[in-house]
Amino acid sequence: MSLEDERPPRPDGEPSPPPDGGVQRARQEADAPREPPEPPPPTPPPDSDPPAYNPQASVEGSVPETVGAVPRTAEAPVDRGRIIAVANQKGGVGKSTTAVNLGAALAESGARVLVVDMDPQGNASTGMGISPQQREITTYQVLAAGLPATRAIMETAVENLFAITSTIDLAGAEIELVSQFSREMRLTRALEGVVETFDYVILDCPPSLGLLTVNSLAAADELIVPIQCEYYALEGLGQLLRNVRLVQQNLNPRLRLTGIVLTMYDSRTKLAEQVVAEVRKYFGGRVYDTLIPRSVRLSEAPGYGQPITTYDPSSKGAQAYLALAAEVAEGPRDFDIPMPTEDMPEVVLPEPTPEMDGEEEREPSEAASRRRRGLFRRKGDES
Ligand code: ATP
Ligand code: MG
């Protein structure tokens with residue numbers, strides 16, 4: 001019996017991906033033509049040496065709409081998938097959870113989805129069930145060595161969900177790329193020829209505004225920002241939005257802030273309600289209706305290497321990400337108010353009530369002292 005025969009069957013009857021052969025299988029699938037059939041992008045034979053990176057070639061190979069390294073088109077080409085960056089330089093707000101579970105929920109609807117792990121922490125890769133040992137060709141080689149992205153694509157256990165994984169090596173790419181030509185456009189170049197074979201390419205960004213996030217924003221059509229329903233919900237958002245504007249002006253005029261996702265929403269707290277109201281005040285129709293609940297099942301799922309849609313399909317978290325996927329699938333909305341850029345408050349605090357005032361006297365915490373200073377504090381306000 002071959003090794004392949006011993007692998008447990010997938011629910012659809014296909015054998016599970018081999019532990020070390022995922023790259024090869026995944027490349028074959030990723031290169032497979034969609035309807036209507038298209039010729040697959042050229043890839044080198046699997047056992048050939050990777051081509052040496054040639055910065056000049058990357059510019060020479062640019063599409064006609066680009067001048068130098070800067071794309072001039074404000075619209076995405078119609079016949080390709082949507083590239084969605086999930087970014088917020090604030091850590092732990094639910095970026096990776098959203099990238100993986102939104103990706104899985106879209107894949108469940110039949111869409112072909114590629115999740116690209118742009119974070120050296122590799123949380124999205126783990127969340128899709130791909131262990132560090134299985135990650136042979138990763139985002140690092142694609143960005144730093146110029147390997148074709150098709151060689152890095154791996155199958156996951158979820159049908160229609162594919163991954164380009166990352167490892168801690170990717171942390172070095174930020175430094176290595178600094179001196180390189182067209183360093184902000186590496187991911188854009190790498191995704192050319194790949195994005196045509198997917199309906200969605202979702203980029204899980206790291207918690208920083210460094211070169212990896214800039215590469216993601218430069219490549220993306222859309223930006224989704226997860227915001228955690230907590231005191232510091234809005235912290236750093238002004239800075240993120242200024243960077244978005246810079247990328248729009250200098251690298252990628254297509255980029256649109258299409259969605260704010262409110263995460264870890266706890267309906268039992270008044271603060272969560274106030275964060276929702278405050279974020280809707282600033283971002284209007286850009287805020288998705290779906291609120292992602294705080295859920296133990298969502299936090300457990302990555303430990304089992306599964307998105308929530310397979311780990312516990314009936315859970316509130318799974319239902320929420322399916323609802324979010326339905327909203328995302330409707331396409332970018334018309335926005336009722338312009339993207340805010342400046343004067344964002346840093347924190348959202350509960351409106352003081354008479355009862356709370358009494359509590360505050362007995363609660364000399366930092367949060368309580370902020371509450372006394374008013375509903376929220378703006379950048380530059382006297383503290
Ligand atoms: P980083 O900035 O480090 O990349 P992140 O923004 O990607 O973090 P996640 O890794 O998705 O954030 O989430 C941070 C932690 O919160 C994780 O342990 C995750 O399992 C947990 N978490 C995310 N969303 C939820 C949720 N809705 N309910 C409960 N736990 C959640
Ligand atoms: Mg993350």
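The analysis underlying the following values was restricted to heavy atoms, covering all of them including side chains, and did not include hydrogens, waters or symmetry mates. For reference, positions follow the sequence shown, starting with 1. The structure displayed is predicted, hence computed values, not measured ones.
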*Does Arg183 reach the main-chain N or O of Leu211 with its side chain, forming a donor-acceptor pair under 3.5 Å?*
no
*Supply the atom-to-atom distance Arg245 CZ to Leu257 CG, rounded to the nearest 0.5 angstrom.*
10.0 Å
*So Thr197 and Phe162, side chain to side chain contact (heavy atoms under 4.5 Å, CB included) or not? Walk me through it.*
CA-CA 11 Å; Thr197 64; Phe162 298 83; over 6 Å; no
*In Å, rounded to the nearest 0.5 Å, how long is the span from CD of Glu278 to SG of Cys229?*
12.0 Å
*Indicate, with yes or no, if Leu143 and Ile83 share a hydrophobic cluster defined by side-chain heavy-atom contacts under 4.5 Å among Ile, Leu, Val, Met, Phe, Trp and Tyr.*
yes
_From Thr98 atom OG1 to Asn88 atom CG, the distance as rounded to the nearest 0.5 Å_ = 10.5 Å
*Any Leu262 side-chain heavy atom under 4.5 Å of Val279 side chain*: yes
_Main-chain N/O of Pro313 paired with Gln319 side-chain donor or acceptor, under 3.5 Å_ = yes
*asked:* Any heavy-atom pair between the side chains of Thr263 and Thr97 that's under 4.5 Å?
replied: no
_Test of understanding: clusters of I, L, V, M, F, W, Y form through side-chain heavy atoms closer than 4.5 Å, transitively. Do Leu102 and Met264 belong to the same one?_
no
_As an exercise, state the distance from NZ of Lys316 to CD1 of Ile308, rounded to the nearest 0.5 Å._
13.0 Å
*Residue pair Asn160 / Val113, side-chain heavy-atom distance below 4.5 Å*: no
_Quick test of your reading of the model: are Lys95 and Asp204 salt-bridged, counting only N-O distances below 4.0 Å?_
no
*Is there a path of hydrophobic side-chain contacts, each under 4.5 Å between heavy atoms of I, L, V, M, F, W or Y residues, that connects Val142 with Phe198?*
no
*Atom of Asn252, atom of Ala218 and distance for their closest heavy-atom approach*: ND2-O, 3.0 Å
*Lys/Arg-Asp/Glu bridge criterion (N-O < 4.0 Å) met for Lys270, Glu273*: no
*asked:* Between Tyr140 and Glu176, does the side-chain hydrogen bond (donor to acceptor under 3.5 Å, both in side chains) criterion hold? Intermediate values first, please.
replied: CA-CA 10 Å; Tyr140 171 74; Glu176 289 171 39; 2.8 Å; yes
*State which residue, out of Leu147, Ile164, Thr165, fulfils the side-chain contact (heavy atoms from CB on, under 4.5 Å) condition with Thr139.*
Ile164
*Derivation of the side chain to side chain contact (heavy atoms under 4.5 Å, CB included) call for Leu322 and Thr309*: CA-CA 8 Å; Leu322 286 167; Thr309 44; 4.2 Å; yes
*By salt bridge (charged side-chain N to carboxylate O under 4.0 Å, His left out) - contacts of Glu222 (at least two apart)*: Arg82
*asked:* Using a 3.5 Å distance criterion without hydrogens, assess whether the side chain of Asp117 forms a donor-acceptor pair with backbone atoms of Ser125.
replied: yes
*Output the distance between atom CD1 (Ile202) and atom CD1 (Ile224), rounded to the nearest 0.5 Å.*
7.0 Å
*Is any side-chain N of the basic residue among Asp221 and Arg80 closer than 4.0 Å to the acidic one's carboxylate O?*
yes
*asked:* If I compare all heavy atoms of Leu240 with all of Gln89, which pair ends up nearest, and what's the gap?
replied: CB-OE1, 3.4 Å
*Which distance, rounded to the nearest 0.5 Å, do you find between the CD of Gln248 and the CZ of Arg254?*
11.5 Å
*Any chance you could lay out the side chain to side chain contact (heavy atoms under 4.5 Å, CB included) test for Val86 and Val261, step after step, and finish with the verdict?*
CA-CA 10 Å; Val86 179; Val261 187; over 6 Å; no
*Any side-chain heavy atom of Leu241 sitting closer than 4.5 Å to one from Tyr282?*
no
*Please name the pair of heavy atoms, one in Pro332 and one in Thr258, separated by the smallest distance, quoted to 0.1 Å.*
CB-CG2, 3.7 Å
_Minimum heavy-atom distance between Cys205 and Ala85, given as atom pair plus value_ = SG-CB, 4.3 Å
*Would you please test Val244 and Leu223 for side chain to side chain contact (heavy atoms under 4.5 Å, CB included) and show each step?*
CA-CA 9 Å; Val244 168; Leu223 167 64; 3.5 Å; yes
_Just so I know, are the side chains of Pro120 and Leu212 near enough to count as touching, which here means a heavy-atom distance under 4.5 Å?_
yes
*asked:* Please tell me whether Arg186 and Gln180 have a donor and an acceptor in their side chains that are separated by less than 3.5 angstrom.
replied: yes
*For Ala163 and Ile130, work out which heavy atoms get closest and say how close.*
CB-CD1, 3.8 Å
*Taking a hydrophobic cluster as the set of Ile, Leu, Val, Met, Phe, Trp and Tyr residues connected by side-chain heavy atoms closer than 4.5 Å, whether directly or through intermediates, do Leu209 and Leu246 fall within one such cluster?*
no
*When hydrophobic residues are tied together by side-chain contacts of less than 4.5 Å, even through go-betweens, does Val225 share a cluster with Val214?*
yes
*asked:* For the backbone of Arg135 and the side chain of Thr138, can you confirm whether one donor and one acceptor N or O come within less than 3.5 Å of each other?
replied: no
Side-chain atoms of residues 289-298: list all donor-acceptor pairs with protein atoms under 3.5 Å, sequence neighbours left out, distances to 0.1 Å.
from   : atom 1 : to     : atom 2 : distance (Å)
Thr290 : OG1    : Glu327 : OE2    : 2.5
Ser295 : OG     : Arg297 : N      : 3.2
Ser295 : OG     : Leu298 : N      : 3.1
Arg297 : NE     : Asp312 : OD2    : 2.8
Arg297 : NH1    : Glu300 : OE1    : 2.8
Arg297 : NH1    : Tyr311 : OH     : 3.4
Arg297 : NH2    : Asp312 : OD2    : 3.3

_Check whether Gln134 reaches the backbone of Ser131 with its side chain - one donor and one acceptor, N or O, closer than 3.5 Å._
yes
_Testing the basics here: between Ser208 and Glu174, what is the closest heavy-atom pair and its distance to 0.1 Å?_
OG-OE2, 4.2 Å
